[in-house]
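Throughout, a chain's letter reflects where its sequence line sits, starting with A, and its residues are numbered from 1.
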Number of protein chains: 2
Amino acid sequence: MSFAVRLVIARCSVDYIGRLTAHLPPATRLLLVKADGSVSIHADDRAYKPLNWMSPPCRLEEQPGVWTVVNKAGEELRITIDEVLHDFSYDLGVDPGLVKDGVEADLQRLLAEHITTLGEGYTLIRREYPTAIGPVDILCRDASGGTVAVEIKRRGEIDGVEQLTRYLELLNRDPLLAPVSGVFAAQQIKPQASVLAADRGIRCVTLDYDGLRGIDDSDGKLF
Amino acid sequence: MSFAVRLVIARCSVDYIGRLTAHLPPATRLLLVKADGSVSIHADDRAYKPLNWMSPPCRLEEQPGVWTVVNKAGEELRITIDEVLHDFSYDLGVDPGLVKDGVEADLQRLLAEHITTLGEGYTLIRREYPTAIGPVDILCRDASGGTVAVEIKRRGEIDGVEQLTRYLELLNRDPLLAPVSGVFAAQQIKPQASVLAADRGIRCVTLDYDGLRGIDDSDGKLF
DNA sequence: GCCTTTATGTCGCCG
DNA sequence: CGGCGACGTAAAGGC
C-alpha cells in the first residue's frame, strides 16, 4: 500500500523553505507522491519538471488541509490543500530500469579501442589517467613518442577546453611526462570551444560515434 | 480537452532514439502527458525525474498499442503499450507560477546596494557590466580608484573562479579600465576555489545573505 | 564524506 | 534561434 504512486489533483498553495524561499499561490495542481518518499507538485507545463518538490529521503506528514514534507537537512515543503479533486494510488512495483547507449563512457571506450583515430602510430597509455585534480579521459602517445592528453565530450563546449587546459598545466609539471600536448575530442565541437582550443594549442578532433561503433566488432554487434 | 494533464498507468516498454539511445523493458509505469505537449514516463522512484521523457515542443501520435513522440530535432520516443490499467485526465488551467527569493540575482542586488561590504570607499560602476564574453556581475571602484570586477555566486566553486579569470583577462586589455582586480564573492566558498583564486590574485569575500538583507531597509522588509 | 565530472541536464535571459 | 550562465541543479563514481 505504501509502495505505490499516489496521484492527487488538488487546489493548493505551497511554501518551500530551504536552500531558497519559494511560494506558490493557490491553484489547481497535480501532486505526485512516489514510493521512494518524494513529493512533487506539477502544473500543466514545464515538461517533466515540477513547480516545487522534495526529494527523498524525506518524510510526509499528512494532516487535514496541510501536508508537511521535511528532509534531514531541515528543508521544508508545506502544501496547504484547499480542495481535493481527485486522489488515486497504484502499485507500480520495482522498475527494471533504463539501458543507455551512446553516453560519454561509450565514446571513451570506443576511442580507446581505436586510438589510431587520432592519428597513425598513436598508442594508448591508459583511460581515466589519475591526477590530483581528477582523471584525464585518455592518456596516450603519438607516433613520435610524445605524450598526449585527450578530453572527450559528447558535445564540445568551452568548459571542456578549460578542463583539458587544467590537466595539461598539471601534467606538464611532471618531467617524466612533459611535454604533454592536448586533444579535444567530441562528436560535435562548438565554434567558441574550437577557437579557445586553437588559442591554447589544443587540437580538436570530431568523433563519429556510429563510425567508431561500426569498426568495433569486438562484441559481435556488427551484424 | 487538449489542455489538461493526462495520467495513464500502463504496462509498457519504451525506446528513445535521440541524443543517445535508451531502452526500457516492459513494466508498469506512470505516463504523464501535459498540456504543453511533454510526455514523461515515471517509475515509483528517482524523485521527480522520469525514466524517460520528451520535452516540448513535440508531437504525440497515439495509435493502438503504440505512442510515438517526436520533436523538431528528430528525437523520437516510442512507447509500446501492452495494457492500460488507468487513464485519467484533468484540466488544471494556467498556473500563476513560482515566486523565489534568495537566488543569485537577489545576492547581486543586495551587494550592489551595499557595495562597501567589499571595503571602505568602494563605489558601484554598474551591475551586469557587458563584455564580449558575457556580463560581469558587478564592476566597481575601490577607495584608490582602481577598477574591480566582482563575480557573485551562491556557492563559490572552481568554475566561478575560471569565469572571473576570463573576465579579468578581457577587461585588463581595455586601457581605460586596466588594471582591473578581481573579487570572488559567495555565500560559501569551497577550499579549492579559494586556493585557485589566491593563486590568481583574486580576493575572496564571503557574503552573509541574511546580514545584507537585514541592513537593507529600502523596501521596508526589516520589520 | 568530500571531491570530481556527467547529464537526453533544464531553464531563463539577452542579442 | 544560438550563446551564456544559474540551478533548491541531481546523480554517479573515485578516493
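Here the CG atom belonging to B/D82 is positioned 5.5 Å from the OG atom belonging to B/S13, to the nearest 0.5 angstrom. Considering CZ of B/R6 and CG of A/D44, their distance stands at 13.0 Å, rounded to 0.5 Å.
B/E151 comes within 4.0 angstrom of the backbone, heavy atoms only, and of no base. Residue A/L51 is classed as having no contact, given no heavy-atom separation below 4.0 Å to the nucleic acid.
For the P atoms, the distance from D/dG8 to D/dC4 is 22 Å, rounded to whole Å. With C1' as the reference atom, C/dT8 and D/dG14 are 25 Å apart, rounded to whole Å.
The residue from A/V136, A/L139, A/D137, A/V150 that alone fulfils the side chain to side chain contact (heavy atoms under 4.5 Å, CB included) condition with A/Y167 is A/V136. With B/S40 as the fixed residue, the side chain to side chain contact (heavy atoms under 4.5 Å, CB included) test singles out one of B/L51, B/L32, B/V33: B/L32.
Distance from the side chain of B/E104 is smallest to D/dA6 among D/dA6, C/dT8, C/dC3. The side chain of A/K153 sits closest to C/dT6 out of C/dT6, C/dT8, D/dA6. The side chain of B/V103 has D/dG8 as its nearest neighbour among D/dG8, C/dT6, C/dC11.
Taken residue by residue, residues 163-172 of chain A places no heavy atom nearer than 4.0 Å to DNA chain D. Applying a 4.0 Å cut-off to non-hydrogen atoms, none of the residues of residues 16-31 of chain A approaches DNA chain C.
When the nearest nucleotides of DNA chain D are assigned to A/N52 and A/P191 by heavy-atom distance, the more 5′-ward of the two goes with A/P191.
Atom OH in A/Y48 sits roughly 9 Å away from atom C1' in C/dA7 (whole-Å rounding). At whole-Å resolution of the value, CZ in A/R155 and C1' in C/dT8 are 8 Å apart. The CG-P distance, from B/D45 to D/dA12, rounds to 10 Å in whole Å. Remark: C1' of C/dC3 and CD1 of B/I158 are 10 Å apart, rounded to the nearest angstrom. Protein atom CH2 of B/W53 is 15 Å distant from nucleotide atom P of D/dA10, rounded to whole Å. Rounded to a whole Å, the CD atom of A/E162 is 15 Å from the P atom of C/dT4. Per the geometry, CD belonging to A/Q108 stands 11 Å off C1' belonging to C/dT5, to the nearest Å. For the pair A/Q188 CD and C/dT8 P, the interatomic distance rounds to 16 Å; values are reported in whole Å.
In the model, A/Q187 has no side-chain atom that pairs as donor or acceptor with a side-chain atom of A/K153 under 3.5 Å.
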Pair up each side-chain donor or acceptor in residues 168-176 of chain A with any protein partner under 3.5 Å, not counting sequence neighbours, and list the distances.
residue : atom : partner : partner atom : Å
A/N172  : OD1  : A/V180  : N            : 2.6
A/N172  : ND2  : A/L168  : O            : 3.1
A/N172  : ND2  : A/V180  : O            : 3.2
A/D174  : OD1  : A/L176  : N            : 2.9

Table please: side-chain donor-acceptor pairs of residues 195-211 of chain B below 3.5 Å, with sequence neighbours left out.
residue : atom : partner : partner atom : Å
B/R200  : NH1  : B/E162  : OE1          : 3.0
B/R200  : NH1  : B/T165  : OG1          : 3.0
B/R203  : NH2  : B/L118  : O            : 2.8
B/R203  : NH2  : B/Y122  : OH           : 3.1
B/D208  : OD1  : B/D210  : N            : 3.3
B/D208  : OD1  : B/G211  : N            : 3.0
B/Y209  : OH   : B/D101  : OD1          : 3.0
B/D210  : OD1  : B/R213  : NH2          : 2.7

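Within the 4.0 Å cut-off from OP1 or OP2 of D/dG2, not a single side-chain nitrogen or oxygen of A/K190 is found. OP1 and OP2 of D/dA11 both lie 4.0 Å or more from every side-chain N or O belonging to B/K49.
Sorted by first and then second residue, the pairs that involve residues 17-29 of chain A and meet salt bridge (charged side-chain N to carboxylate O under 4.0 Å, His left out), not counting sequence neighbours, are A/R19-A/E75, A/R29-B/D95. Within the structure, no pair that satisfies the side-chain hydrogen bond (donor to acceptor under 3.5 Å, both in side chains) test touches residues 189-198 of chain B, not counting sequence neighbours.
Looking only at side-chain heavy atoms (C-beta outward), A/P96 and B/P25 come within less than 4.5 Å of each other.
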